[in-house]
Protein chains: 2
Amino acid sequence: MRISNTVYSVLLNPSNTEIYSFLTERIYRELVVIFATCKVNYKGRAESVASESPRLIILKPDGTVIIHESVKREPLNWQPPGTKIEIMNDYPLKIVAQRKRPKEVIEIDLKEVFYITSAEVKDGDFVIKGREIDIVNTIIQNPSMIEEGFVPLTREYNTPYGKIDLVGLDKKGNFVIIEVKRSKAQLSAVSQLYRYYLHIRETKEDKVRGILVAPDLTTHARELLQKLGLEFIRYDIQKYSSY
Amino acid sequence: MRISNTVYSVLLNPSNTEIYSFLTERIYRELVVIFATCKVNYKGRAESVASESPRLIILKPDGTVIIHESVKREPLNWQPPGTKIEIMNDYPLKIVAQRKRPKEVIEIDLKEVFYITSAEVKDGDFVIKGREIDIVNTIIQNPSMIEEGFVPLTREYNTPYGKIDLVGLDKKGNFVIIEVKRSKAQLSAVSQLYRYYLHIRETKEDKVRGILVAPDLTTHARELLQKLGLEFIRYDIQKYSSY
DNA sequence: GAATCTATATCGTGC
DNA sequence: GCACGATGTAGATTC
């Protein structure tokens with residue numbers, strides 16, 4: 001079937017023979033959607049067993065396998081891109097999807113297949129903004145939002161204890177370490193900053209300051225921050241949303 | 001259409017009128033799958049714009065919205081469960097999915113709808129094992145895997161600075177803090193343990209030990225661990241996989 | 001390939 | 001509802 005430039009096919013209540021030839025012809029080439037009752041077994045980093053039930057199965061041309069039930073954003077089982085997908089012409093028909101690192105395998109036993117569809121899909125353009133990196137950019141363009149006299153030096157500054165979002169100097173020449181969070185900062189953000197802070201304090205002669213930049217932080221995060229001698233600067237997303 | 005106990009419906013190349021009545025009747029009741037060219041705009045914690053392109057749209061009865069392209073395990077855009085989904089009978093037909101906290105909205109402009117399917121789905125049983133909690137259970141049942149004389153006291157021990165996986169006493173009566181990781185431990189695991197360690201050392205008179213239990217840890221994690229005076233115990237997943 | 005961090009993370013739990 | 005940690009996290013980036 002063809003509409004505009006998109007070719008797609010639909011099989012309703014297909015026989016096993018139809019399913020097998022349909023799938024073997026189309027996997028890795030088209031976006032395949034199967035609605036069927038199935039059992040699913042997963043074994044790898046963890047293990048899972050799913051009893052027979054109707055589910056939605058998606059096979060992407062890049063090797064991704066996604067199995068959904070009727071609830072949640074997260075799939076019941078999955079395999080990421082690069083997975084080796086095989087259709088086993090057994091009774092019942094079986095889809096085996098495995099990858100090497102980590103070694104993981106999903107087996108899908110297809111019981112009743114209600115429909116299968118397949119389509120050639122070319123991806124469109126996608127632009128996203130408002131991520132952490134955008135905030136770091138805003139700081140570099142508006143260093144005074146940290147404080148008067150702040151001079152950004154390096155972003156993604158590498159240390160053995162992790163990458164520091166931004167390092168710079170204050171007007172007194174102190175080393176300044178900045179960790180940015182795009183949403184309310186939690187304990188882990190403070191720990192992360194403290195890890196960098198300790199490392200820089202040990203390896204640099206200069207005085208060091210650690211600053212957490214976020215729209216807000218939790219009560220416990222604030223307590224810990226103060227106890228550790230670190231600083232907080234509120235990032236008002238409204239104020240700098242013009243970029 | 002009915003096969004066994006599963007009722008499902010398929011519309012091929014539906015008209016706008018058909019799409020509208022089909023969707024309004026079925027959202028929040030059935031698992032709906034749409035394959036269509038569409039534009040997608042998202043605005044909330046971040047923002048995104050996706051140009052017109054064929055995509056797979058899933059509307060779950062719990063309010064979940066998932067939009068997939070032909071690559072990746074992760075959807076292009078989404079809304080989690082609890083989202084308010086509306087079908088707007090405009091030209092073009094539009095799906096608006098919004099939630100309050102955080103305030104986020106997705107607008108999907110449907111251009112050409114190739115097919116829509118819908119099905120009543122009751123979820124099956126699902127059992128998973130091999131998660132962190134299973135390792136903690138194993139330790140509690142085999143305390144000697146920590147060391148001779150170790151006595152587990154409390155799991156999920158609450159502190160202002162986070163929940164400690166397991167606390168106990170060693171044979172000398174020292175307080176022992178245990179952080180468990182199911183895969184190779186990284187810097188953040190060491191920071192996490194250290195946060196708990198500092199807190200307990202400050203609030204308890206007793207001597208305190210912090211132990212990281214994991215199958216392995218990265219080089220830098222090991223360095224930091226040693227520097228902070230914390231300990232590591234290897235958890236051999238093979239050895240205790242019998243539970 | 002290993003290590004680290006971000007994510008519109010999502011999800012579960014405890015308060 | 002908030003805070004916090006786990007996730008079979010996935011995905012991007014750097015080394």
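Lettering follows sequence order; numbering is per chain, from 1. All heavy atoms count here, side chains included; hydrogens, waters and symmetry mates do not. Because the structure is a prediction, the values reported are computed rather than measured.
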B:P152 meets the side chain to side chain contact (heavy atoms under 4.5 Å, CB included) criterion, sequence neighbours left out, with B:I140, B:P143, B:F150, B:L166
With a 4.0 Å cut-off on heavy atoms, is A:Q79 in touch with a base, just the backbone sugar-phosphate, or nothing at all?
base
Atom CG of A:D134 and atom P of C:dC5 are separated, to the nearest Å, by 20 Å
At a 4.0 Å cut-off to heavy atoms of chain B, the contacted part of DNA chain D spans D:dG1 to D:dA12
Within the 4.0 Å heavy-atom criterion, would you say A:Y157 contacts the bases, only the backbone, or no part of the nucleic acid? nothing
Whole-Å distance, B:R101 CZ to C:dT10 P, equals 15 Å
Is there a side-chain contact between A:R131 and the phosphate of C:dC5, meaning an N or O under 4.0 Å from OP1 or OP2?
no
Check your understanding: With a 4.0 Å cut-off on heavy atoms, is A:N77 in touch with a base, just the backbone sugar-phosphate, or nothing at all?
Key -> base
Of A:I106 and B:Y161, the one whose closest nucleotide on DNA chain D sits nearer the 5' end is B:Y161
In numerical order, the residues of residues 212-224 of chain B whose heavy atoms come under 4.0 Å of DNA chain D are none
*Which part of the nucleic acid, if any, lies within contact of A:E74, taking any heavy atom under 4.0 Å across all strands shown: a base, the sugar-phosphate backbone alone, or nothing?*
sugar-phosphate
Side-chain N or O of A:K72 less than 4.0 angstrom from OP1 or OP2 on C:dT10?
no
Contact class for A:K103 (heavy atom, under 4.0 Å): base, sugar-phosphate, or nothing? nothing
* Look at all strands and tell whether A:R99 reaches a base, only sugar-phosphate, or nothing, counting heavy atoms closer than 4.0 Å. => base
| task | Taking atom P in both D:dG8 and D:dC4, compute the distance separating them and give it to the nearest angstrom. | result | 22 Å
By nearest-nucleotide position on DNA chain C, the 5'-leaning member of A:E132 and B:K184 is B:K184
Between B:Q79 and B:A97 (side chain of the first, backbone of the second, donor and acceptor by atom type, cut-off under 3.5 Å), is there such a pair?
yes
> Are the side chain of A:Y194 and the backbone N or O of B:S191 linked by a donor-acceptor pair below 3.5 Å?
Replying inline: no
Original post:
Is there a side-chain polar atom (N or O) of A:R195 under 4.0 Å from OP1 or OP2 of C:dC5?
Top reply: yes
Separation of C:dT10 atom P from B:K60 atom NZ, nearest Å, is 14 Å
Correct closest heavy-atom pair for B:P160 and A:L187 would be O-CD1, 3.7 Å
### Message
Can you tell me how the ring of A:F175 sits relative to the ring of A:Y157, calling it parallel under 30°, perpendicular over 60° and tilted otherwise?
### Response
perpendicular
Using the C1' atom on both, measure C:dT10 against C:dT6 and round to a whole Å.
14 Å
Rounded to whole Å, the CD1-P distance (B:I128 to C:dC11) equals 14 Å
For A:G44, report the nucleic acid contact type (base, sugar-phosphate, nothing); a contact means any heavy atom under 4.0 Å. nothing
* Asked: Taking only N and O in the side chain of B:W78, is any of them less than 4.0 Å away from OP1 or OP2 of C:dT8?
  -> no
Inset, instruction - Evaluate the side-chain proximity of B:N137 to B:R155: yes if any heavy-atom separation is below 4.5 Å, no if none is. - result: yes
*asked:* What's the gap between C:dC5 and C:dA9 when it is taken at their C1' atoms, as a whole Å value?
replied: 13 Å
A:K181 atom NZ is separated from C:dA9 atom P, nearest whole Å, by 11 Å
With C1' as the reference atom in both, quote the distance from C:dA7 to C:dC11 in angstrom, rounded to an integer. 14 Å
To the nearest angstrom, the CD1-P distance between B:I66 and C:dT8 comes to 16 Å
(Q) Would you say A:R73 places a side-chain N or O within less than 4.0 Å of OP1 or OP2 belonging to C:dC11? (A) no
inquiry  = What I'd like to find out is whether the side chain of A:P81 reaches to under 4.5 Å of the side chain of A:T64, using heavy atoms alone.
reply    = yes
In whole angstroms, the gap separating P of C:dC5 from CD of A:E156 amounts to 10 Å
### Message
Please check: side-chain N/O of A:Y196 versus main-chain N/O of A:Y161, any donor-acceptor pairing under 3.5 Å?
### Response
no
TODO: Remember a base hit wins even if backbone is also touched, and classify A:Q192 as base, sugar-phosphate or nothing at under 4.0 Å, heavy atoms.
DONE: sugar-phosphate
When the side chains of residues 54-61 of chain B are checked against the rest of the protein, which donor-acceptor pairs come out under 3.5 Å, sequence neighbours left out?
unit_1: B:R55; atom_1: NE; unit_2: B:E69; atom_2: OE2; d: 2.7
unit_1: B:R55; atom_1: NH1; unit_2: B:C38; atom_2: O; d: 2.7
unit_1: B:R55; atom_1: NH1; unit_2: B:S51; atom_2: O; d: 3.0
unit_1: B:R55; atom_1: NH2; unit_2: B:S51; atom_2: O; d: 2.7
unit_1: B:R55; atom_1: NH2; unit_2: B:E69; atom_2: OE2; d: 3.0
unit_1: B:K60; atom_1: NZ; unit_2: A:H68; atom_2: ND1; d: 2.8
unit_1: B:K60; atom_1: NZ; unit_2: A:E69; atom_2: O; d: 3.0
unit_1: B:K60; atom_1: NZ; unit_2: A:V71; atom_2: O; d: 2.9
unit_1: B:K60; atom_1: NZ; unit_2: A:K72; atom_2: O; d: 2.7

Atom pairs and distances, donor-acceptor, side-chain atoms in residues 43-50 of chain A, under 3.5 Å, two or more places apart:
unit_1: A:R45; atom_1: NE; unit_2: A:E104; atom_2: OE1; d: 3.2
unit_1: A:R45; atom_1: NE; unit_2: A:E104; atom_2: OE2; d: 3.2
unit_1: A:R45; atom_1: NH2; unit_2: A:E104; atom_2: OE1; d: 3.0
unit_1: A:S48; atom_1: OG; unit_2: A:N77; atom_2: ND2; d: 3.1

Practice prompt. Tell me what A:P102 touches on the nucleic acid: a base, only sugar-phosphate, or nothing, going by heavy atoms under 4.0 Å.
Written response: nothing
- Is atom CD1 of B:I133 surrounded by more than 12 heavy atoms (other residues, nucleotides or ligands) closer than 6.0 Å? no
*Quick one: is A:K163 getting a side-chain N or O under 4.0 Å of the C:dA3 phosphate, OP1 or OP2?*
no
Sorted by chain and residue number, the side chain to side chain contact (heavy atoms under 4.5 Å, CB included) partners of A:A185 (sequence neighbours excluded) come out as A:K181, A:A189, A:L212, A:A214, A:L217
DNA chain C nearest-nucleotide lookup for B:T64 and B:E47: closer to the 5′ end is B:E47
Between CD of A:Q186 and C1' of C:dC11 the distance, given in whole Å, is 14 Å
Review point. Which part of the nucleic acid, if any, lies within reach of B:L187 when heavy atoms closer than 4.0 Å are counted: base, sugar-phosphate only, or nothing?
Key: sugar-phosphate
